[in-house]
Peer 1: 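Have a look at this one.
Please read these numbers as outputs of a predicted model, since none were measured by experiment. Worth knowing before you read on, the calculation uses all heavy atoms, side chains too, and leaves out hydrogens, waters and symmetry mates. If you read the sequence from its start, that first residue is 1, and numbering goes on from there.
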Amino acid sequence: MSEKRVVVSPTSDDLFSLVADKFVSRARKILSRTGQFRVLLTGGETQRHLLRAIAVHPTASQLEWKRAAWFVGDERFVAAGSDQRNDRMAWQTCLRDLGVSTQQLSAPPSTDDSPSVEQAAMTYKDRLREATGEWEGDGPLFDLALVGMGADGHVLSVFPGSVAANAQVSDVLAVSHSPKPPSERITLTLPLLNRSERVWIVAHGAEKAGAVGLALADAAPQEVPVAGVLGTRSTKLFIDGELAELLPAELTQRRRVWTAADERADYVPEALR
């Protein structure tokens with residue numbers, strides 16, 4: 001597992017722009033090298049803003065997105081057309097504009113397609129196996145995970161103190177008593193999320209400072225799930241200046257902290273800035 005690097009952008013708008021730059025740059029490299037690109041998505045308002053920034057990126061349309069596969073990391077067990085669905089949000093804010101086909105997006109079944117949330121979780125595990133062609137051992141691998149987080153430190157639909165927060169193996173679980181509505185959800189476990197080569201956690205706003213601080217202090221993932229998120233190759237926590245100012249100095253000193261300018265200079269070609 002990798003150590004976390006913290007990258008601080010001055011504003012939330014710059015934060016989304018930076019991550020979008022990096023996403024397009026990384027997608028280009030991986031597609032060129034391997035001919036495919038597996039992306040794991042989460043839900044939430046941060047993800048909505050981030051996906052929109054990717055969709056309108058000036059060079060995003062130049063990539064061969066037909067060779068990419070997109071996977072929803074957690075989903076609300078509601079009707080297919082509901083605005084609460086993460087797959088619908090990803091499609092409307094980003095994937096449709098990139099020319100991605102519906103066959104390239106894998107998501108858990110809705111209430112229209114499955115009789116229970118438990119069955120939906122089992123079906124989604126089968127879909128992941130079919131889409132990736134693998135589920136031996138610890139499950140499929142992902143190239144990149146874009147991860148949002150809640151003020152309580154939850155990621156995906158893995159909430160503090162829940163059964164999912166205590167999961168020790170790669171799996172897809174049914175959530176029957178979510179503390180946030182709707183109560184029924186389907187989620188990947190943290191060990192499966194951590195099968196991602198690169199994990200980019202994106203957070204902004206003062207209300208996230210407490211959970212980010214606990215994550216940097218290596219809190220127990222059972223209590224602060226985001227603390228247990230680590231990519232196999234690299235893990236980056238992208239935050240805005242408002243949030244960064246509220247973090248204790250001793251926590252940021254323990255981690256490598258870069259500015260947005262540093263990150264762009266090191267990773268993003270000048271043509272994409």
Side-chain angles (χ1 to χ4, degrees), residues 4-27 39-60 70 72-74 83-84 86 88-95 97-98 144-157 180 193 196 198-217 224-227 229 231 234-249 251-252 255-268 272-273:
K4 294 184 179 73
R5 173 186 290 167
V6 180
V7 181
V8 182
S9 291
T11 67
S12 58
D13 285 344
D14 186 76
L15 173 70
F16 300 132
S17 175
L18 169 65
V19 180
D21 279 347
K22 284 185 56 61
F23 182 86
V24 172
S25 177
R26 180 57 57 187
V39 187
L40 185 62
L41 303 173
T42 63
E45 283 304 304
T46 297
Q47 188 95 159
R48 184 188 302 275
H49 291 300
L50 178 55
L51 288 174
R52 193 60 203 154
I54 292 170
V56 300
H57 190 278
T59 66
W70 308 75
V72 174
D74 74 307
D83 287 337
Q84 296 184 76
N86 289 330
R88 181 176 173 85
M89 181 268 287
W91 179 257
Q92 292 183 330
T93 59
C94 181
L95 304 189
D97 291 343
L98 293 181
L144 176 63
L146 293 176
V147 180
M149 56 172 284
D152 61 354
H154 84 267
V155 293
L156 303 173
S157 286
K180 293 184 65 176
L193 167 60
S196 304
R198 291 175 172 82
V199 170
W200 296 350
I201 305 165
V202 184
H204 68 105
E207 70 278 6
K208 304 285 181 69
V212 168
L214 289 169
L216 294 178
V224 187
V226 69
V229 177
S234 70
T235 308
K236 295 184 180 180
L237 177 56
F238 294 89
I239 60 178
D240 67 349
E242 179 185 12
L243 193 162
E245 289 179 358
L246 297 175
L247 297 177
L251 290 181
T252 55
R255 308 287 182 180
R256 290 187 296 168
V257 180
W258 287 31
T259 66
D262 291 335
E263 186 75 5
R264 280 194 169 94
D266 194 50
Y267 285 92
V268 181
L272 296 180
R273 298 178 202 168

Peer 1: Can a donor-acceptor pair be found between the side chains of Thr259 and Asp262 at a distance below 3.5 Å?
Peer 2: yes
Peer 1: Taking the side chain as everything from C-beta on, heavy atoms only, tell me whether Trp200 gets closer than 4.5 Å to Val19.
Peer 2: yes
Peer 1: For Asp13, which residues count as a salt bridge (Lys or Arg N to Asp or Glu O under 4.0 Å) partner, sequence neighbours excluded?
Peer 2: none
Peer 1: Does any non-hydrogen side-chain atom of Thr235 lie less than 4.5 Å from one of Arg5?
Peer 2: no
Peer 1: Tell me every residue that passes side chain to side chain contact (heavy atoms under 4.5 Å, CB included) with Trp91, counting only those two or more places apart in sequence or in another chain.
Peer 2: Leu95, Arg96, Thr102
Peer 1: Which heavy atom of Ala20 sits nearest to which heavy atom of Leu50, and what is that distance?
Peer 2: N-CD1, 4.2 Å
Peer 1: Please determine if Asp152 and Lys180 form a salt bridge, counting it only when a charged side-chain N lies under 4.0 Å from a carboxylate O.
Peer 2: no
Peer 1: Identify the heavy atoms of Met89 and Thr42 that sit nearest to each other, and give their distance.
Peer 2: CE-O, 4.2 Å
Peer 1: Of the non-hydrogen atoms in Lys4 and Ala215, which two are nearest, and what is the gap between them?
Peer 2: NZ-O, 4.3 Å
Peer 1: Looking only at heavy atoms, which two atoms of Asn86 and Gly43 are closest? And how far apart?
Peer 2: OD1-CA, 3.4 Å
Peer 1: Output all residues satisfying side chain to side chain contact (heavy atoms under 4.5 Å, CB included) with Ala145, sequence neighbours left out; order by chain, then residue number.
Peer 2: Leu40, Val147, Leu193, Ser196, Val199
Peer 1: Answer yes or no: is there a side-chain heavy-atom contact under 4.5 Å between Ser17 and Lys22?
Peer 2: no
Peer 1: Can you see which heavy atom on Ala209 is nearest to which on Leu247, and at what distance?
Peer 2: O-CD2, 3.6 Å
Peer 1: About how many Å separate SG of Cys94 and CZ of Arg52, when rounded to the nearest 0.5 Å?
Peer 2: 7.5 Å
Peer 1: Does Thr46 reach the side chain of Lys208, with side-chain heavy atoms less than 4.5 Å apart?
Peer 2: yes
Peer 1: Please name all residues satisfying side chain to side chain donor-acceptor pair (under 3.5 Å) with Ser12, sequence neighbours left out, ordered by chain then number.
Peer 2: none
Peer 1: Only counting residues at least two apart or in another chain, list the ones meeting salt bridge (Lys or Arg N to Asp or Glu O under 4.0 Å) with Arg48.
Peer 2: Glu45
Peer 1: If we only count heavy atoms from C-beta on, is the Asp240 to Thr11 side-chain gap below 4.5 Å?
Peer 2: no
Peer 1: Of the non-hydrogen atoms in Ser234 and Arg198, which two are nearest, and what is the gap between them?
Peer 2: OG-CG, 3.3 Å
Peer 1: How many angstroms lie between atom CG of Leu18 and atom CD of Glu263, to the nearest 0.5 angstrom?
Peer 2: 6.0 Å
Peer 1: Heavy-atom distance under 4.5 Å between the side chains of Trp70 and Leu41, does that happen here?
Peer 2: yes
Peer 1: Could you tell me the separation between the OG1 atom of Thr93 and the NE2 atom of His49, rounded to the nearest 0.5 Å?
Peer 2: 10.5 Å
Peer 1: Please enumerate all residues that pass side chain to side chain contact (heavy atoms under 4.5 Å, CB included) together with Leu214, with sequence neighbours excluded.
Peer 2: Ala219, Val224
Peer 1: With side chains defined as the heavy atoms from C-beta onward, is the minimum distance between Val226 and His154 less than 4.5 Å?
Peer 2: no
Peer 1: Taking the six-membered ring for Trp, are Phe16 and His204 ring centroids under 6.0 Å apart?
Peer 2: yes
Peer 1: Which value, rounded to the nearest 0.5 Å, describes the distance between Leu15 atom CG and Phe238 atom CZ?
Peer 2: 8.0 Å
Peer 1: Report the distance from atom CG of Leu144 to atom CZ of Arg26, rounding to the nearest 0.5 Å.
Peer 2: 8.5 Å
Peer 1: Could you tell me if the side chain of Ile201 sits less than 4.5 Å from the side chain of Val212, heavy atoms only?
Peer 2: no
